[in-house]
Engineer: 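Please find one structure pasted underneath; my questions will follow.
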Amino acid sequence: MLPSGSCYLPHPDKEATGGEDAHFICEDAQAIGVADGVGGWADVGVNAGFFSCELMSHSVRAIQEEPEGCFNPVRVLEKAHSCTKSCLLYTS
């Protein structure tokens, strides 16, 4: 097992909202995930910070639903994204 931890230091222009990035550390599955670079959602009216947090939360759940000891990262991300609803607020 690899001990791990994290800390957020949002860009000074984004401190008021807590930033736009999110992550997870899933010790049981020995997995980590990072949602960085999602700021483009803000350009279309989506709260990028909420989107990244929601995506990472769904990613952990998707990993926990995978077969024990083995998971497919692409399948996990696809499942997590399909459950993430904050981006549905955007209408093109």
Side-chain angles (χ1 to χ4, degrees):
M1 180 173 294
L2 176 66
S4 57
S6 66
C7 169
Y8 285 105
L9 298 172
H11 186 281
D13 293 343
K14 301 172 185 175
E15 283 181 341
T17 61
E20 297 174 338
D21 304 332
H23 76 283
F24 70 83
I25 300 172
C26 185
E27 291 182 33
D28 295 339
Q30 297 183 22
I32 61 170
V34 177
D36 187 9
V38 298
W41 280 114
D43 296 339
V44 294
V46 174
N47 181 322
F50 186 74
F51 171 81
S52 62
C53 287
E54 187 180 12
L55 181 65
M56 292 296 94
S57 176
H58 289 304
S59 294
V60 171
R61 281 192 218 120
I63 286 172
Q64 292 169 338
E65 293 171 357
E66 290 283 294
E68 189 171 333
C70 180
F71 65 90
N72 180 318
V74 173
R75 184 172 52 233
V76 165
L77 190 54
E78 288 172 343
K79 186 184 283 189
H81 184 263
S82 72
C83 295
T84 300
K85 304 301 180 202
S86 59
C87 60
L88 295 179
L89 301 174
Y90 168 70
T91 56
S92 54

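No hydrogens, no waters, no symmetry mates; every other heavy atom, side chains included, goes into these values.
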Engineer: Tell me who clusters with Ile32, hydrophobic residues only, linked when side chains sit under 4.5 Å apart either directly or through other members.
Structural biologist: Ile25
Engineer: Would you list the pairs meeting salt bridge (charged side-chain N to carboxylate O under 4.0 Å, His left out) in which at least one residue belongs to residues 12-24, sequence neighbours left out?
Structural biologist: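 Residue pairs with at least one partner in residues 12-24: Lys14-Glu20.
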Engineer: I need the Lys85 NZ to Phe51 CZ distance, nearest 0.5 Å.
Structural biologist: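 Separation between the atoms: 11.5 Å.
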Engineer: What pair of heavy atoms forms the shortest contact from Ala29 to Phe71, and how long is it?
Structural biologist: O-CE2, 3.8 Å
Engineer: Looking at residues at least two apart in the chain, or sitting in another chain, which of them share a salt bridge (charged side-chain N to carboxylate O under 4.0 Å, His left out) with Glu78?
Structural biologist: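 By the salt bridge (charged side-chain N to carboxylate O under 4.0 Å, His left out) rule, Glu78 matches no residue at all.
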Engineer: Name the atoms and distances for all side-chain donor-acceptor pairs under 3.5 Å in residues 42-49, with sequence neighbours left out.
Structural biologist:
{"unit_1": "Asn47", "atom_1": "OD1", "unit_2": "Gly49", "atom_2": "N", "d": "3.0"}
{"unit_1": "Asn47", "atom_1": "OD1", "unit_2": "Phe50", "atom_2": "N", "d": "2.9"}

Engineer: Under the rule for side chain to side chain donor-acceptor pair (under 3.5 Å), what residues qualify as partners of Glu66, not counting sequence neighbours?
Structural biologist: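 Result, side chain to side chain donor-acceptor pair (under 3.5 Å) vs Glu66: Arg75.
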Engineer: Which heavy atom of Phe24 sits nearest a heavy atom of Ser59, and at what distance?
Structural biologist: CE2-CB, 3.6 Å
Engineer: Once you round to the nearest 0.5 Å, how far does SG of Cys7 lie from NE2 of His23?
Structural biologist: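 The SG atom of Cys7 sits 9.5 Å away from the NE2 atom of His23.
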Engineer: Going by the rule side chain to side chain donor-acceptor pair (under 3.5 Å), which residues pair with Ser4 if we only count those two or more places apart in sequence or in a different chain?
Structural biologist: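 Applying side chain to side chain donor-acceptor pair (under 3.5 Å) to Ser4 gives none.
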